[in-house]
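For reference, the structure is listed below as structure tokens.
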There are 4 protein chains.
Amino acid sequence: MNIRVRPDSPVPIYEQILTQAVFAIANGDLPAGELLPSVRDLSAELVVNPNTVVRAYQELERLGMIAARRGLGMEVTAEAAKISRDRRKAIVLTRIREALREAAAAGLDADDVCQLVTAEWPKLNTSRK
Amino acid sequence: MNIRVRPDSPVPIYEQILTQAVFAIANGDLPAGELLPSVRDLSAELVVNPNTVVRAYQELERLGMIAARRGLGMEVTAEAAKISRDRRKAIVLTRIREALREAAAAGLDADDVCQLVTAEWPKLNTSRK
Amino acid sequence: MNIRVRPDSPVPIYEQILTQAVFAIANGDLPAGELLPSVRDLSAELVVNPNTVVRAYQELERLGMIAARRGLGMEVTAEAAKISRDRRKAIVLTRIREALREAAAAGLDADDVCQLVTAEWPKLNTSRK
Amino acid sequence: MNIRVRPDSPVPIYEQILTQAVFAIANGDLPAGELLPSVRDLSAELVVNPNTVVRAYQELERLGMIAARRGLGMEVTAEAAKISRDRRKAIVLTRIREALREAAAAGLDADDVCQLVTAEWPKLNTSRK
DNA sequence: GTGGTCTAGACCACG
DNA sequence: GTGGTCTAGACCACA
């Protein structure tokens, strides 16, 4: 899964796991039918309490992206890819709206923001190719 | 002050007050020497716990933007304008960077984001004219 | 709230709390704007671990029936009544479908089931008036 | 045996096998003296863990409906027909009582439920003709 | 005071 | 082995 967790981040660990799993599914790294790493394995790998992983998995299950196969583990569902892409889009839209609201309150206009965006973009060290 | 608080926002109420005060000072709405409304008055106006206002004021004091005038109240300092503009810039930059990081993780590029910005901008119902 | 929990029931405690809260809201016992008992109070009253109550509350929050008021507690939302009634209906439909499927597998027909229903109904000691 | 298993059902797989075996015996599809399919064969046919079939068979044995014939397999007992009919009745009654209890809690009355039953019945895609 | 998160460790049903 | 539930108790931010 290649999930990495920053325990000192303000964003909850279970949410970090959740988000990275959503993106992994959206990217096709976790195809439908694949079994997720077991709660115990992943918690050991991330050096995190099993319950924290459980919570992330439960959220994924609630979103319909994974389903429990009793005695086997959690399986990526057929609809997971679509759901994950929708959710990813929603996450981005929400964050951008929040940022815009604050930018507007700061007295910036749309052009200012676009300039900021194009200026800041290259500074991001993302995993994009 | 014309501060408006959204109690159901994910951002803490004290931080909403803080941010709007910073912006008000940066815009010149609160010139140096001006007295802030008393904790009691503002908390009553915002229908908010007085402790919440106290915390916002403490933060402003810590930032050097207001100072206590014994027996009178909290006064906007001479350096407040400069400090507030720096901080305003930092706040907006931070938020935008966060949004960009997630947008990049979702596979968008700079153009996509600018399109989003210009599309979303008019939908904001801010207090700007 | 008048919630009662049977710790030895096969249905999870958090789900018992959840279901009874849903019904309480649907019945109007918990009007919109009302604050739920605090996690600590309810857990003490039910002689149950606070986390168990937390889980039930989180589920209610996810359903949009309650919302956290920071520092105050959990508040019944305006839409809670409608949501709870919908959910209550869905719960009943699901259970009846499951029972019917088994009844059909047992070789009963619709008339047999209706006879069973009218025969069993008076034996229920419910809280209905 | 014509047993069909739904792995994603909330009811445990071993219990699905058990119930359907009980019903098969009650219907006379499995007369006394008949040999059940071997654990190995049935688990292969149902694409299910052999231990799951073992557990279902153990339960049937515990109920006195089948008995081990050393070297041959599991045989339907003489008393199986009577036992199975009693149990079938109990199973259906239990499920219906559970559904009724919830329907009552939701404020429905006996007529409402009967209407639901006759409305839902044709929608079942059972193996019945 | 409130809820939110996390850890540690237990027991259970299921396969 | 798997996940599901529960307990006990800790620390934090917020009001």
Side-chain angles (χ1 to χ4, degrees), chain A residues 5 7-17 35-43 46-58 60-61 66-75, chain B residues 5 7 9-17 39 43 46-56, chain C residues 5 7-17 35-43 46-58 60-61 66-75, chain D residues 5 7 9-17 39 43 46-56:
Chain A
V5 154
D8 49 333
S9 157
V11 25
I13 296 176
Y14 83 91
E15 202 173 319
Q16 297 182 34
I17 299 174
L35 283 181
L36 293 183
S38 83
V39 170
R40 298 185 234 272
D41 284 356
L42 187 55
S43 66
L46 301 180
V47 197
V48 141
N49 188 289
N51 281 335
T52 306
V53 176
V54 164
R55 182 158 181 192
Y57 279 15
Q58 282 178 336
L60 285 169
E61 189 178 20
I66 66 177
R69 299 268 321 248
R70 275 170 311 210
L72 291 180
M74 309 294 293
E75 186 188 70
Chain B
V5 156
S9 157
V11 22
I13 295 174
Y14 86 91
E15 199 175 322
Q16 296 182 35
I17 299 173
V39 168
S43 66
L46 301 180
V47 195
V48 141
N49 190 305
N51 284 334
T52 307
V53 176
V54 166
R55 181 156 181 190
Chain C
V5 154
D8 50 333
S9 158
V11 24
I13 296 175
Y14 84 90
E15 202 173 318
Q16 297 182 34
I17 299 173
L35 283 181
L36 294 183
S38 82
V39 169
R40 297 185 234 272
D41 285 356
L42 187 55
S43 66
L46 301 181
V47 196
V48 140
N49 188 289
N51 282 333
T52 305
V53 176
V54 164
R55 182 158 180 192
Y57 278 16
Q58 281 178 337
L60 284 169
E61 189 178 19
I66 66 177
R69 300 268 321 248
R70 275 170 311 210
L72 290 180
M74 309 295 292
E75 187 188 70
Chain D
V5 155
S9 157
V11 21
I13 295 175
Y14 87 91
E15 199 175 322
Q16 297 183 34
I17 299 174
V39 167
S43 67
L46 301 180
V47 196
V48 142
N49 189 305
N51 283 335
T52 307
V53 176
V54 166
R55 180 154 183 192

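Below, chain A is the first sequence line, B the second, and so on; all start at residue 1.
For Arg69(A), the salt bridge (charged side-chain N to carboxylate O under 4.0 Å, His left out) test picks out Glu75(A), with sequence neighbours left out.
Put simply, the side chain of Tyr57(C) reaches to within 4.5 Å of the side chain of Pro37(C), judged on heavy atoms.
dG15(E) atom P lies 12 Å from atom CG of Leu46(D), rounded to whole Å.
Residues Ser9(A) and Gln16(A) approach most closely at CB-NE2, 3.4 Å, considering heavy atoms. Of all the heavy atoms in Met74(A) and Ile66(A), the pair that sits closest is CE-CD1, 3.5 Å.
The main-chain N or O of Glu15(B) is never found under 3.5 Å from a side-chain atom of Arg55(B) such that the two would form a donor-acceptor pair.
Atom OG1 of Thr52(B) sits about 9.0 Å away from atom CZ of Arg70(C), to the nearest 0.5 Å. The CG atom of Asp41(C) sits 11.5 Å away from the CG atom of Leu36(C) when rounded to the nearest 0.5 Å. Rounding to the nearest 0.5 Å places CD1 of Ile13(A) at 11.5 Å from OG of Ser43(A).
Stem list for DNA chain F (at least 3 consecutive Watson-Crick or G-U pairs, distances under 3.5 Å): E:1-14 with F:1-14.
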Treating primed atoms plus P, OP1 and OP2 as sugar-phosphate and everything else as base, which nucleotides of nucleotides 2-11 of chain E get B, S or - for protein heavy atoms under 4.0 Å?
BBSSBBBB--

